[in-house]
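For this chain, numbers begin at 1 and follow the sequence in order. Quick caveat, the model's predicted, so the values are computed rather than measured.
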Amino acid sequence: MDIAEAINRRKSIRAFKPDTVPQQILKEIMELALRAPSWANTQPWEFAIVSGRKLEEIRQAYIEKAEELPNPDLAAPRQFPEPFDTRRRAVGIKLFEIMGISREDRERRREWQLQGLRLFEAPSVIYIYVDRSFYLQGDSLNVWPVFDCGLIAENIMLLATKYALGTIPEIQAVLYPDVLRRILGIPDSKLIVLGIAVGYPNWDDPVNQFQSQREPLDIVTKWHGFD
Ligand SMILES: Cc1cc2nc3c(=O)[nH]c(=O)nc-3n(C[C@H](O)[C@H](O)[C@H](O)COP(=O)(O)O)c2cc1C
């Protein structure tokens with residue numbers, strides 16, 4: 001599969017088959033993903049890759065936490081100024097439409113939220129974390145390790161498509177980092193950035209028909225010196 005095909009195929013998957021992802025495949029993906037660039041080759045990323053009973057334990061603990069306020073290591077945006085809010089809302093509106101969940105149906109909306117906390121039933125997840133001392137520097141933030149995590153996250157997700165695997169990068173996966181620290185033994189000196197749920201997509205589930213839109217290139221780009 002060439003890179004353009006992988007980019008075209010990748011999209012966030014929100015319903016998975018229960019089939020296990022072989023550890024060997026995850027290893028192959030991760031070995032190659034490590035070729036991602038990073039600030040001065042600092043390679044700030046670390047991973048916890050979880051499957052089976054351990055993942056069930058996390059799912060269970062997350063559901064028990066669901067009524068508590070989330071406390072992610074990296075705070076969610078406080079505001080979404082325009083045009084970001086409109087783009088963000090479009091995802092929710094379309095997803096609920098595809099699933100036939102109405103605005104008023106609070107119960108099904110809540111259920112859907114819980115599905116996110118349950119990693120959409122993916123059989124495996126890759127948590128990415130960084131060293132706290134590299135990100136928090138006195139009273140300022142060094143955002144670059146997190147930026148670098150984004151680069152390797154995309155590598156992972158593109159490589160997964162080669163194995164017919166689906167992925168979704170999920171902030172929902174890291175909303176309760178204390179749970180992950182306890183179950184996975186991740187020390188306080190690490191900040192948990194993101195979880196990527198990985199598994200074989202359930203293409204029969206309508207939610208996986210959702211295709212997010214992009215702004216046209218001309219809206220987000222200015223060209224200089226090409227005349
Ligand atoms: C950092 C990050 C966190 C995300 N967290 C969630 C999440 O918690 N739940 C979810 O359903 N989608 C999540 N997404 C997926 C985005 O909604 C998705 O990438 C976006 O709508 C574009 O769609 P696409 O991935 O299908 O191209 C996240 C994406 C990123 C990059």
Side-chain angles (χ1 to χ4, degrees), residues 4 6-15 36-39 44 62 66-120 128-130 135-137 139-158 166-177 191-197 205-227:
I7 290 171
N8 257 321
R9 275 201 193 186
R10 188 217 59 84
K11 65 175 188 174
S12 292
I13 292 300
R14 294 183 176 87
S38 59
W39 183 295
Y62 259 50
E67 299 306 319
E68 291 180 25
L69 275 182
N71 185 31
D73 285 345
L74 271 62
R78 285 200 201 144
Q79 288 167 1
F80 291 88
E82 289 301 345
F84 314 111
D85 196 43
T86 301
R87 293 177 192 162
R88 175 182 76 104
R89 281 173 190 277
V91 172
I93 291 169
K94 200 73 198 156
L95 272 174
F96 285 126
E97 196 180 295
I98 283 180
M99 292 188 291
I101 301 178
S102 72
R103 229 172 205 287
E104 299 72 38
D105 197 339
R106 284 177 170 226
E107 198 174 319
R108 283 191 68 202
R109 282 182 172 239
R110 181 67 185 143
E111 267 171 33
W112 178 245
Q113 234 178 348
L114 294 180
Q115 265 308 94
L117 287 182
R118 292 183 56 81
L119 303 157
F120 304 107
I128 308 181
Y129 49 95
V130 296
Y135 178 68
L136 294 173
Q137 305 201 325
D139 52 7
S140 75
L141 290 185
N142 168 28
V143 298
W144 297 104
V146 176
F147 177 90
D148 294 344
C149 286
L151 298 176
I152 199 159
E154 179 70 339
N155 268 5
I156 292 168
M157 293 186 285
L158 291 180
T167 55
I168 180 166
E170 255 206 286
I171 192 68
Q172 281 170 294
V174 295
L175 287 184
Y176 301 104
L191 291 174
I192 307 174
V193 178
L194 190 70
I196 303 176
D205 193 309
V207 75
N208 284 336
Q209 285 162 21
F210 173 62
Q211 186 74 47
S212 59
Q213 299 303 304
R214 295 295 185 271
E215 295 297 320
L217 180 62
D218 283 351
I219 299 285
V220 294
T221 308
K222 289 187 174 55
W223 300 87
H224 303 271
F226 285 89
D227 22 276

Taking all atoms of both residues into account, what is the closest heavy-atom pair of [X] and [Y], and its distance?
X: G166; Y: I13; value: CA-CG1, 3.8 Å
X: N208; Y: R14; value: OD1-N, 2.9 Å
X: P177; Y: D73; value: CG-OD1, 3.3 Å
X: C149; Y: I128; value: SG-CG2, 3.6 Å
X: P37; Y: D148; value: O-OD1, 4.4 Å
X: Q211; Y: Q213; value: O-NE2, 3.2 Å

Straight-line distance of [X] [atom1] to [Y] [atom2], nearest 0.5 Å:
X: I168; Y: M157; atom1: CD1; atom2: CE; value: 9.5 Å
X: F96; Y: S102; atom1: CZ; atom2: OG; value: 10.0 Å
X: Q115; Y: L119; atom1: CD; atom2: CG; value: 9.5 Å
X: I152; Y: I196; atom1: CD1; atom2: CD1; value: 9.0 Å
X: W144; Y: L151; atom1: CH2; atom2: CG; value: 9.5 Å
X: S12; Y: E170; atom1: OG; atom2: CD; value: 9.0 Å

Side chain [X], main chain [Y], donor-acceptor under 3.5 Å:
X: Y62; Y: G116; value: no
X: E82; Y: T86; value: yes
X: Q79; Y: P77; value: no
X: R108; Y: M99; value: yes

**Prompt:** Aromatic rings F120 and W112: how do their planes relate, parallel, tilted or perpendicular, breaks at 30° and 60°?
**Reply:**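 Taking W112 first and then F120, their aromatic rings sit tilted (interplane angle of 30° to 60°).
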**Asked** What residue among V130, L74, L175, V174 forms side-chain contact (heavy atoms from CB on, under 4.5 Å) with I192?
**Response**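 When V130, L74, L175, V174 are each tested with I192, the side-chain contact (heavy atoms from CB on, under 4.5 Å) holds only for V174.
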**salt_bridge(E107, R110) N-O dist < 4.0 Å** =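 Between R110 and E107 there is no salt bridge, as every charged N stays at least 4.0 Å from the carboxylate O atoms.
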**Item:** Residues R109, R106; criterion side-chain contact (heavy atoms from CB on, under 4.5 Å); working and verdict
**Value:** CA-CA 5 Å; R109 282 182 172 239; R106 284 177 170 226; 5.6 Å; no
**Request:** May I ask you to test the S38-P44 pair for a side-chain heavy-atom distance under 4.5 Å?
**Result:**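 Side chain of S38 against side chain of P44, heavy atoms only: contact under 4.5 Å found.
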**With sequence neighbours excluded, residues passing salt bridge (Lys or Arg N to Asp or Glu O under 4.0 Å) with D85** =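 D85 satisfies salt bridge (Lys or Arg N to Asp or Glu O under 4.0 Å) with R88, R89 once adjacent residues are dropped.
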Mark yes when over 12 heavy atoms from residues, nucleotides or ligands other than [X] sit less than 6.0 Å from its [atom1]; otherwise mark no.
X: L69; atom1: CG; answer: no
X: F147; atom1: CZ; answer: no
X: E215; atom1: CD; answer: yes

